[in-house]
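Everything numeric here is computed off the predicted structure, so don't read it as measured data.
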Amino acid sequence: MASVFIEFSGDAIPRLGLLADKAERPADVLDEIGAFLDTDVTLRFMKEQTPEGVKWQQSEAAKDRGGLTLTDKRNLAGSITHNVVGDTLEHGLGEEYAAIHHFGGRTGRNKATLLPARPIVGIGALQANEIDDIISDWLV
């Protein structure tokens, strides 16, 4: 059986202890990630973009009123929230109707209206890079 031995000296032992302590209590970094995602979604509502930066299909309501898609009364954008429970981050929208806008589908009387998918929450490359930076900073 092969073995590997690593000898630590200097500042390594206290730093490894700090890393182990932080890993047991991830709530702070998860909350920071959640706050970033909240801000990211808010900004993307203003740009009408998916997490990947793809422009949403403009809604008929936005065309009629000369406004932004999914932001008539800002209820949906205002419902962005995150919650940290133990070592789990929950992030999303608090409005019941968020899913139909995110995934698209048939809605309305007799399901007569087809809404296109306009992904609102999610992790694209930009978000993944920022989350990686947040975690790296947290570990230092």
Within one Ile-Leu-Val-Met-Phe-Trp-Tyr cluster: Leu115 and Phe45, side-chain cutoff 4.5 Å = yes
Within 6.0 Å of NZ in Lys47, more than 12 heavy atoms from elsewhere = no
Could you tell me the separation between the CZ atom of Arg109 and the NZ atom of Lys111, rounded to the nearest 0.5 Å?
-> 13.0 Å
Closest heavy-atom pair and its distance - Gly86, Pro26 | O-CG, 4.5 Å
For the residue pair Thr69 and Trp56, what are the closest heavy atoms and their distance?
-> O-CZ3, 3.7 Å
Counting N and O atoms only, with roles assigned by atom type, does the side chain of Arg118 sit under 3.5 Å from a partner on the main chain of His101, one being a donor and the other an acceptor?
-> no
Same cluster or not: are Val54 and Val121 linked, directly or through other Ile, Leu, Val, Met, Phe, Trp or Tyr residues, by side-chain heavy atoms under 4.5 angstrom apart?
-> no
Mind checking the CG-CG spacing from Asp38 to Leu93? Nearest 0.5 Å is all I need.
-> 9.5 Å
Can you name the nearest heavy-atom pair linking Ile134 to Val29, along with the distance?
-> CG2-CG2, 3.9 Å
Counting only N and O atoms by type, is there a donor-acceptor contact under 3.5 Å from the side chain of Glu130 to the main-chain atoms of Gln127?
-> no
To the nearest 0.5 Å, atom CD of Gln58 lies from atom CD of Glu60 at 8.0 Å
Work out which heavy atom in Pro119 is nearest to a heavy atom in Arg44; give both atom names and the distance.
-> O-NH1, 4.3 Å
Going by heavy atoms in the side chains, are Val84 and Ile33 under 4.5 Å from each other?
-> no
Before giving the answer on side-chain contact (heavy atoms from CB on, under 4.5 Å), spell out for Ile131 and Phe36 the whole-Å C-alpha distance, their side-chain angles and the decisive distance to 0.1 Å.
-> CA-CA 8 Å; Ile131 290 168; Phe36 158 71; 4.3 Å; yes
Can you tell me how far CD1 of Ile123 sits from CG of Asn129, rounded to the nearest 0.5 angstrom?
-> 11.0 Å
Asn75 side chain to Glu95 side chain, donor-acceptor N/O pair below 3.5 angstrom = no
Rounded to the nearest 0.5 angstrom, the OG1-CG distance for Thr81 and Leu37 is 11.5 Å
Verify same cluster id: Leu70, Tyr97 (apolar side-chain graph, 4.5 Å) = yes
Considering only heavy atoms from C-beta outward, does the side chain of His82 approach that of Asp31 to under 4.5 Å?
-> yes
CG/Leu76 to CD1/Ile120 distance, rounded to the nearest 0.5 angstrom?
-> 4.5 Å
Kindly indicate whether the side chain of Ile100, heavy atoms from C-beta on, has any atom under 4.5 Å from the side chain of Arg106.
-> no
Closest non-hydrogen atom pair between Leu89 and Leu30, with its separation = CD1-O, 3.6 Å
